[in-house]
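All values below were derived from every heavy atom in this structure, side-chain atoms included, with hydrogens, water molecules and symmetry-related copies excluded.
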Protein chains: 2
Amino acid sequence: MQELTLRQQEILLWIRQYMVDHGIPPTRLALCAAMGFRSPNAAETHLRALERKGAIELVQGVSRGIRLVEDPKEASGLPLIGKVAAGQPILAVAHIESYEPVDPGLFQPVAHYLLRVQGESMRNAGILEGDLVAVHHTLIVQNGQIVVARLEDEVTIKRFYRQGERVELRPENPDFPVIEVNLKKQALHIEGVMVGLIRT
Amino acid sequence: MQELTLRQQEILLWIRQYMVDHGIPPTRLALCAAMGFRSPNAAETHLRALERKGAIELVQGVSRGIRLVEDPKEASGLPLIGKVAAGQPILAVAHIESYEPVDPGLFQPVAHYLLRVQGESMRNAGILEGDLVAVHHTLIVQNGQIVVARLEDEVTIKRFYRQGERVELRPENPDFPVIEVNLKKQALHIEGVMVGLIRT
DNA sequence: TCCTTAACTGTATATAATTACAGTTACTTG
DNA sequence: CAAGTAACTGTAATTATATACAGTTAAGGA
C-alpha cells in the first residue's frame with residue numbers, strides 16, 4: 001500500500017469506523033456529510049485516490065461498493081515470535097514475524113504471544129518443531145510447568161523445577177540433556193509459561 | 001430468534017455467503033436473481049419475514065440496509081465437535097459442543113471444524129488426548145495424511161494408507177494396532193483431513 | 001514559471017435500489 | 001369452511017446512489 005496523505009488517512013479511518021457502526025460501507029453522500037464536503041465529487045475523488053494507493057477497492061456501478069484492503073496487522077491477533085536474536089528482549093518488535101488470527105482469550109490464562117518451536121526437545125509432551133506455543137508472559141511459574149526461559153542469550157522451552165537456588169530445565173525427550181542452573185552463578189530469565197499450542 | 005421456514009433458511013444462508021463473497025449485503029434484485037424470483041417484492045417480503053423472526057435487521061430507506069443478527073460466537077469461530085454419537089453424521093448440530101474463537105483461515109487448507117481427540121493412539125505425531133484437531137472437510141485424501149474417518153459408527157483419527165481396495169489406518173503409537181479395512185466388506189467414511197491442532 | 005497533484009465547489013444525470021400497491025396459489029389451522 | 005400465512009407475479013413510483021463534467025485554490029517540484 002502506497003503512503004496516504006493525512007486527509008486520506010482520516011477518511012480511511014472514518015470509513016472503517018462507519019463499517020463497524022453500520023455493518024455496511026458508506027455512500028459518497030454519507031462521506032460528504034461526515035467530512036463537511038459540499039460536493040459529492042470530493043468524496044468520489046478521495047475514494048479514487050484511496051483505491052489508486054491500494055487502501056480500498058471500488059466496485060463499479062454498485063451502491064456502497066467499497067471494499068477494505070485490510071492490513072493484516074490490524075486483525076486483532078497474537079504476535080508470532082520467530083527467531084530471537086541473542087541479547088534482545090523476546091518481545092522486541094523486530095522479532096515479530098507476523099500476527100496470527102487467534103483470540104488471546106482462547107487460552108487460560110490469556111496468551112500474550114506465540115513462539116515458534118525450534119528443535120525436538122519437547123517431543124514427548126506433544127510439542128514438535130515448527131509448532132506455535134502460546135505463552136502467558138509472567139514471572140510466576142510453578143514446578144512442573146512448561147516455561148519459556150532465556151539462559152545466556154538463548155531462548156528455550158522446557159519443564160521447570162526449582163529447589164532453592166538450583167533450577168532444572170528438563171526436556172521431554174530422552175535424547176536431550178537436563179539443563180541445570182545455579183541462580184547465583186547464571187542469569188535465568190523467565191519469559192512466561194506455556195498456556196497452549198497451535199499447529200498449522 | 002423464531003424458527004425459520006426451509007425457504008427462509010435457504011435465503012438467510014445465501015445472504016451470509018453473499019456478504020462473505022462481496023463484503024456488502026445484497027440488494028433485493030440480487031436476491032431475486034439468485035433465487036429465481038421474477039418480482040422484487042418476493043425478495044422484499046422474505047426480508048421482512050426474516051426481520052420479523054429476528055434473523056436480520058432492515059434499515060429503512062438505505063440501500064443494502066441488511067444487518068445480520070448473529071450469535072457472535074458463530075460469526076467468526078469454528079464449531080468444536082465433542083463426542084460423536086454412533087451412526088450420526090459428524091457435523092450434526094447436536095455434536096457441536098461450542099464455538100472456539102479461531103480464524104478458519106489460520107489453517108491451510110481452510111479448517112471447517114475442530115474435533116476433540118480421544119485416546120493416545122496418535123501420541124508420537126504430537127497429538128495428545130484432549131487436543132483439538134482442526135479438520136478440513138473433504139473426501140480427497142492422500143496416502144500418509146492424517147485423516148478423520150468413520151468406521152462402523154466409530155470416529156477415529158489415524159494416518160491413511162490405501163492400496164486398491166485395502167486401506168490401512170495406522171496409529172502413531174506402538175501400543176495401538178494398525179486397523180485394516182477392506183473397502184468391499186466394510187464401509188469407511190472419510191470425514192476430512194487434519195490441517196492443524198490446538199491445545200488449550 | 002510551468003506543471004502536477006491534493007483538495008475541494010457546483011451542477012447534472014443515469015441508474016441502482018427501495019418500497020408501495022394489487023393480485024394469485026397453495027397449504028395449514030381453528 | 002373461513003381465515004391466516006407462505007410464497008410468490010407484475011407494475012410503478014420515488015428515492016438513493018454513483019459518477020461524469022467543468023471549474024477553483026493552494027502547495028511543491030522541475
Side-chain angles (χ1 to χ4, degrees), chain A residues 1-69 71, chain B residues 1-70:
Chain A
M1 194 173 86
Q2 220 176 311
E3 225 172 272
L4 303 180
T5 68
L6 269 179
R7 192 61 165 156
Q8 286 164 1
Q9 282 177 42
E10 202 180 331
I11 287 169
L12 184 59
L13 274 175
W14 179 82
I15 293 173
R16 284 220 181 95
Q17 194 54 51
Y18 185 100
M19 290 182 69
V20 170
D21 292 346
H22 297 82
I24 49 176
T27 64
R28 271 67 167 167
L29 281 180
L31 182 54
C32 285
M35 292 293 149
F37 302 155
R38 277 186 267 180
S39 164
N41 191 45
E44 183 71 26
T45 49
H46 267 298
L47 291 176
R48 293 274 170 88
L50 285 172
E51 185 181 37
R52 186 158 32 80
K53 294 190 175 179
I56 63 172
E57 274 174 38
L58 293 176
V59 187
Q60 266 199 27
V62 166
S63 74
R64 302 173 189 272
I66 300 171
R67 307 185 71 160
L68 291 178
V69 179
D71 183 353
Chain B
M1 194 173 87
Q2 220 177 312
E3 223 173 277
L4 302 180
T5 67
L6 268 180
R7 192 61 164 156
Q8 286 164 2
Q9 282 177 43
E10 201 180 333
I11 287 169
L12 184 58
L13 275 175
W14 180 82
I15 293 174
R16 283 217 182 97
Q17 193 54 50
Y18 185 100
M19 289 182 70
V20 169
D21 293 345
H22 297 81
I24 49 175
T27 65
R28 271 67 167 166
L29 282 180
L31 181 54
C32 286
M35 290 293 150
F37 302 154
R38 277 187 267 179
S39 165
N41 191 45
E44 183 71 26
T45 50
H46 267 298
L47 291 176
R48 294 272 170 88
L50 285 172
E51 185 181 38
R52 188 159 29 82
K53 294 190 175 177
I56 62 172
E57 274 175 38
L58 294 176
V59 187
Q60 268 198 26
V62 167
S63 74
R64 301 173 190 273
I66 300 171
R67 308 183 70 159
L68 291 178
V69 179
E70 284 199 273

[N] phosphate, OP1 or OP2, under 4.0 Å from [X] side-chain N/O:
X	N	value
B/S63	D/dT17	yes
B/R28	C/dT18	yes
B/Q60	D/dT15	no
B/T45	D/dC8	no

Do you know the tightest heavy-atom contact between [X] and [Y]?
X	Y	answer
A/R64	B/I24	O-CG2, 3.4 Å
A/A43	A/R28	CB-O, 3.5 Å
B/R48	B/L58	N-CD1, 4.1 Å

Atom pair distance, as rounded to whole Å: [atom1] in [X] and [atom2] in [N]:
X	N	atom1	atom2	result
B/K53	D/dA7	NZ	C1'	12 Å
B/R48	D/dT5	CZ	P	16 Å
A/R7	C/dC8	CZ	C1'	9 Å
A/I11	C/dA6	CD1	C1'	11 Å
A/R64	C/dT15	CZ	C1'	16 Å
B/L58	C/dA20	CG	C1'	15 Å
A/L29	C/dG10	CG	C1'	14 Å
B/H46	D/dT9	NE2	P	9 Å

Is B/R7 salt-bridged to B/E10, cutoff N-O under 4.0 Å?
yes

Under the side-chain contact (heavy atoms from CB on, under 4.5 Å) rule, what do B/L50 and B/I66 come out as? Steps first, then yes or no, please.
CA-CA 10 Å; B/L50 285 172; B/I66 300 171; over 6 Å; no

What class does the angle between the rings of A/Y18 and A/W14 fall in, given that below 30° is parallel, 30 to 60° is tilted and above 60° is perpendicular?
tilted

Looking at DNA chain C, which of residues 36-44 of chain B put a heavy atom within less than 4.0 Å of it?
B/P40, B/N41, B/E44

Going by heavy atoms in the side chains, are B/S63 and B/T27 under 4.5 Å from each other?
no

